[in-house]
Amino acid sequence: MNLLSCTCSPISTLLKLKRLALYSTLLMCLLLPSYAFSFDEAGIEVSGQGSVVVTPDQFSLTLTITERGRVPSKLKALVDKKSNLVINAAKNIAVKESDISSARVNLRIVEEKQSIQLQGVELNKAGQRSVYIDGQSINEKANNVNEHKRPLFELSRQITVKFDKIDEYDSFLAQVIKINVSHISSLSMSVAGRDEYYQQALLKAITHARQKAERMAEQAGRKIEKLQLIKEQSSNHYRPMYAEAMMSDASPRAHVSLTGSQTITARVSVKFSLKD
């Protein structure tokens, strides 16, 4: 009985392997059309990029006027005087009031550091050992100074001016430097109608994606048929460019600012179906 079992066992195993191979073959035959159909449905998906080069046509400059002193009312008068000079300089080159902002004012107390150290002679007075200056203890004198000394204030105002032409910026900057303002920020340059330029970049991105899909399908022996999906991968988010607002008085000729160019880019993802 044991010998029979040992003899039949290899035959039984072989039959099971044959049956498993047959089932696998049938399963592959059933699934093969499905795989081919899925490949056709997948189509081809590519990305495209388009760019438009534009020249900045909007400019913005921010100035800061700062004064320090003990009396805030006097500081305001000084800051107002310089602010009016800056605003008049902008109006002289035909800048509209709507393009001038001067409402940002800041007032703060400045912490002073002791710059002079007082020294005295140590004397004995009524059995006490102290340092006296002009008949007063140095501690008493310091307290009296702190009581009568007014705090140091700093008053500042920011003025922002917008220009439509770079020539206006050059003329304005030449006048502002003479006013002796405290700080001149970098010039901000932007593009008007940026949304329209971005739409143009999107169309170029779609054309680029279609050309890529046609070349890839041709290489695979196929042709693209219908457009199935377009997905925008970029956003029309804008970061303005900045240029240093600097001018040399020593130069014999006035410097002419150059704006350069900016590139607006769009990216898309496109999907096409394939012809049989």
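On a predicted model such as this, the values are computed, not experimentally measured, just so you know. Hydrogens, waters and symmetry mates play no part in the numbers below; they use all other heavy atoms, side chains included.
- Taking the salt bridge (charged side-chain N to carboxylate O under 4.0 Å, His left out) definition, one finds that Lys82 meets it with Glu67, sequence neighbours left out.
- Taking both residues in full, the closest heavy atoms of Ala90 and Val161 are given as CB-CG1, 4.1 Å, listed atom of the first, atom of the second, then distance.
- Atom-to-atom distance recorded for Ser273:OG and Lys226:NZ is 7.0 Å, nearest 0.5 angstrom.
- Atom CD of Glu232 is separated from atom CD1 of Ile206 by 9.0 Å, given to the nearest 0.5 angstrom.
- Judged by distance alone, with hydrogens and angles left aside, the side-chain atoms of Arg150 form no donor-acceptor pair with the main-chain N or O of Arg70 at under 3.5 Å.
- Lys76 has its side chain within reach of Leu155: a pair of non-hydrogen atoms, C-beta onward, lies under 4.5 Å apart.
- With sequence neighbours left out, the side-chain contact (heavy atoms from CB on, under 4.5 Å) criterion links Glu196 to Gln200.
- Residues Leu78 and Leu85 fall into different hydrophobic clusters, defined by Ile, Leu, Val, Met, Phe, Trp and Tyr side chains chained together at heavy-atom separations under 4.5 Å.
- Taking Thr66 as the reference, nothing meets the side chain to side chain donor-acceptor pair (under 3.5 Å) condition, with sequence neighbours excluded.
- Atom NZ of Lys212 is surrounded by more than 12 heavy atoms from other residues, nucleotides or ligands within 6.0 Å.
- Contact of the Met216 side chain with the Ile224 side chain is not registered, since no non-hydrogen atoms from C-beta on lie closer than 4.5 Å.
- Separating the CG atom in Leu75 from the OG atom in Ser156 is a distance of 10.5 Å, to the nearest 0.5 Å.
- Taking the side chain as every heavy atom from C-beta outward, Val86 and Phe172 approach each other to under 4.5 Å.
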Only pairs under 3.5 Å count here: list side-chain donor-acceptor contacts from residues 48-65, not counting sequence neighbours, and write none if there are none.
from  : atom 1 : to     : atom 2 : distance (Å)
Ser51 : OG     : Thr265 : OG1    : 3.3
Asp57 : OD1    : Ala192 : N      : 2.8
Gln58 : OE1    : Ser190 : OG     : 3.4
Thr62 : OG1    : Thr160 : OG1    : 3.2

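- In this structure, CG on Leu274 lies 6.0 Å from CD1 on Ile44, to the nearest 0.5 angstrom.
- In the displayed structure, Tyr197 atom OH is contacted under 6.0 Å by at most 12 heavy atoms of other residues, nucleotides or ligands.
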Show me the side-chain donor-acceptor pairs of residues 173-180 shorter than 3.5 Å, one per line, residues at least two apart or across chains.
none

Does Ile264 form a side-chain contact (heavy atoms from CB on, under 4.5 Å) with Arg194? I'd like the steps, not just the answer. CA-CA 8 Å; Ile264 299 176; Arg194 178 176 175 81; 3.1 Å; yes
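- A donor-acceptor pair under 3.5 Å links the side-chain atoms of Arg222 to the main chain of Lys275, judged by distance alone.
- Residues Ala213 and Phe272 come closest through the heavy atom pair CB-CD1, 3.7 Å.
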For residues 98-110, which side-chain N or O atoms pair as donor and acceptor with protein atoms under 3.5 Å away, sequence neighbours left out?
from   : atom 1 : to     : atom 2 : distance (Å)
Arg104 : NH1    : Gln158 : OE1    : 3.1
Arg108 : NE     : Glu154 : OE2    : 2.9
Arg108 : NH2    : Glu154 : OE2    : 3.4

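- Under the side-chain contact (heavy atoms from CB on, under 4.5 Å) criterion, Ala266 pairs with Tyr198, Ala201, Leu202, Ser234, not counting sequence neighbours.
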Test side-chain contact (heavy atoms from CB on, under 4.5 Å) on Val46 and His208; report intermediate values, then the result. CA-CA 10 Å; Val46 296; His208 179 230; over 6 Å; no
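- In terms of the side chain to side chain donor-acceptor pair (under 3.5 Å) criterion, residue partners of Lys91 (sequence neighbours excluded) are, by chain and number, Glu97.
- Applying the side chain to side chain donor-acceptor pair (under 3.5 Å) criterion to Gln199, with sequence neighbours excluded, gives no partner residue.
- Among residues two or more places apart in sequence or in another chain, the side-chain contact (heavy atoms from CB on, under 4.5 Å) test is passed with Thr207 by Gln211.
- In terms of the salt bridge (charged side-chain N to carboxylate O under 4.0 Å, His left out) criterion, Lys204 has no residue partners (sequence neighbours excluded).
- Evaluation of the side chain to side chain donor-acceptor pair (under 3.5 Å) rule for Lys162 yields no partner, not counting sequence neighbours.
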